[in-house]
Amino acid sequence: VLRRRSCMSWACKADEECFFEVAASPIQEKDGSTSVVLTSREVTDQVMLKRDREEAARRFDQIMARVHGIITLKDLEGRFMLVNPAAERFYGMPAEDFLGRTAKDVFPPEVAALMEEHDAEAQESGRHLSHEELLELNDEAHIVLSERFLLTGYQDKPRAICCVSRNVTNARRLQRELVLSEKHAA
């Protein structure tokens with residue numbers, strides 16, 4: 001028995017598309033001939049929802065790729081779920097080295113402890129929190145301004161912790177130099 005399904009698009013109203021799923025089912029007649037029964041149902045809503053999901057995912061990917069801030073997303077157990085390209089560049093590791101691992105698996109103990117402490121604080125408080133963090137990475141001190149907040153899922157239950165950070169190391173260095181030059185000038 002051969003059965004075939006396909007989705008077809010027709011123009012329903014001006015500038016509107018309608019989609020129908022059409023199924024063709026052969027029926028063997030008593031005389032040996034074959035007839036085909038066609039059935040259809042409108043699936044416009046399903047097709048449009050799928051398009052909307054795909055477009056939302058595409059927009060999210062574009063934002064993550066273009067934002068200069070360091071963005072990480074961890075599940076509530078502290079495992080990295082996502083890092084953007086800026087995070088890959090800042091930490092000097094590809095996303096694959098983060099995914100499914102915790103800060104303890106990826107960073108030196110002091111850095112991991114600080115990140116985990118701030119993640120726990122955001123998770124316990126349920127509030128948007130900001131911290132200035134000193135991170136020793138690859139024998140170099142970095143100052144980052146980090147914001148952490150919970151992302152919720154179904155029924156507003158916490159699902160993940162998002163951290164958005166900005167490297168302010170050079171800005172802080174310039175501030176110190178300016179203060180020192182003002183002191184010497186005085």
- hydrophobic_cluster_shared for Val168 and Ile70, side chain cutoff 4.5 Å: no

- Message: Atom CG of residue position Asp139 - does it have more than 12 heavy atoms of other residues, nucleotides or ligands inside 6.0 Å?
- Response: no

- How about Leu114 and Phe107: do any of their side-chain heavy atoms sit closer than 4.5 Å? no

- Nearest 0.5 Å, what's the CD-CG distance between Glu121 and Leu129? 5.0 Å

- Item | Backbone of Ile143 reached by a side-chain donor or acceptor of Thr169 within 3.5 Å | yes

- Which heavy atom in Cys163 sits nearest to a heavy atom in Ser165, and how many Å separate them? SG-OG, 3.4 Å

- Query: Is there side-chain contact between Arg172 and Leu145, with at least one heavy-atom pair below 4.5 Å?
  - Reply: yes

- Minimum heavy-atom distance between Leu150 and Gly126, given as atom pair plus value: CD1-CA, 3.8 Å

- Query: So do the side chains of Leu82 and Phe60 get within less than 4.5 Å of each other, counting heavy atoms only?
  - Reply: yes

- Message: Do Leu151 and Ile63 land in one hydrophobic cluster if side-chain heavy atoms of ILVMFWY residues count as linked below 4.5 Å?
- Response: yes

- Would you mind reporting whether Gln175 and Val179 have side-chain heavy atoms less than 4.5 Å apart? no

- Distance-only, no hydrogens or angles: does the Gln28 side chain make a donor-acceptor pair with backbone N or O of Gly32 under 3.5 Å? yes

- Query: Do Ile71 and Val144 share a hydrophobic cluster (ILVMFWY, side-chain heavy atoms under 4.5 Å, transitive)?
  - Reply: no

- Task: With the side chain counted from C-beta on, respond yes when Glu21 and Gln46 share a heavy-atom pair under 4.5 Å apart, and no when they do not.
- Result: no

- Note on the structure: dist Met48:CE -> Glu55:CD (nearest 0.5 Å) comes out at 8.5 Å

- Query: Which atom names give the shortest non-hydrogen contact between Lys74 and Ala103, and what distance separates them?
  - Reply: NZ-CB, 4.3 Å

- Message: Within the supplied structure, the quantity of interest is the number of heavy atoms (other residues, nucleotides, ligands) at a distance under 6.0 Å from Arg159 CZ; does it exceed 12?
- Response: no

- Query: Does CG belonging to Asn138 count more than 12 external heavy atoms closer than 6.0 Å?
  - Reply: no

- To the nearest 0.5 angstrom, please state how far the CG atom of Leu137 sits from the CZ atom of Phe90. 5.5 Å

- Backbone N or O of His142 within a donor-acceptor pair of the Asn167 side chain at under 3.5 Å? no

- Item | Gap between atom OG1 of Thr44 and atom CG of Leu49 - 0.5 Å precision | 11.0 Å

- Looking only at heavy atoms, what is the nearest atom pair of Gly100 and Arg79, with distance? O-CD, 3.5 Å

- Does Met115 reach the side chain of His131, with side-chain heavy atoms less than 4.5 Å apart? no

- Side chains of Pro158 and Leu76: does their closest heavy-atom pair fall under 4.5 Å? yes

- Once you round to the nearest 0.5 Å, how far does CG of Leu73 lie from CD1 of Ile161? 9.0 Å

- Query: Which heavy-atom pair separates Arg101 from Asp97 by the least distance, and what is that distance?
  - Reply: NH1-O, 2.8 Å

- Task: Using the side chain to side chain donor-acceptor pair (under 3.5 Å) rule, pick out the option among His118, Arg166, Glu133 that qualifies with Ser146.
- Result: Glu133

- Task: Taking atom NE2 of His128 as the centre, report whether more than 12 heavy atoms of other residues, nucleotides or ligands fall under 6.0 Å from it.
- Result: yes

- Item | Cluster check Phe98, Leu135: I/L/V/M/F/W/Y, side chain < 4.5 angstrom | yes

- With hydrophobic residues grouped by side-chain heavy-atom distances under 4.5 Å, do Met93 and Val111 end up in a single group? yes

- Task: Determine the minimum heavy-atom distance between Asp75 and Met81, stating which atoms define it.
- Result: N-SD, 3.3 Å

- Measure the CZ-CG distance between Arg58 and Asp61 for me, rounded to the nearest 0.5 Å. 9.0 Å

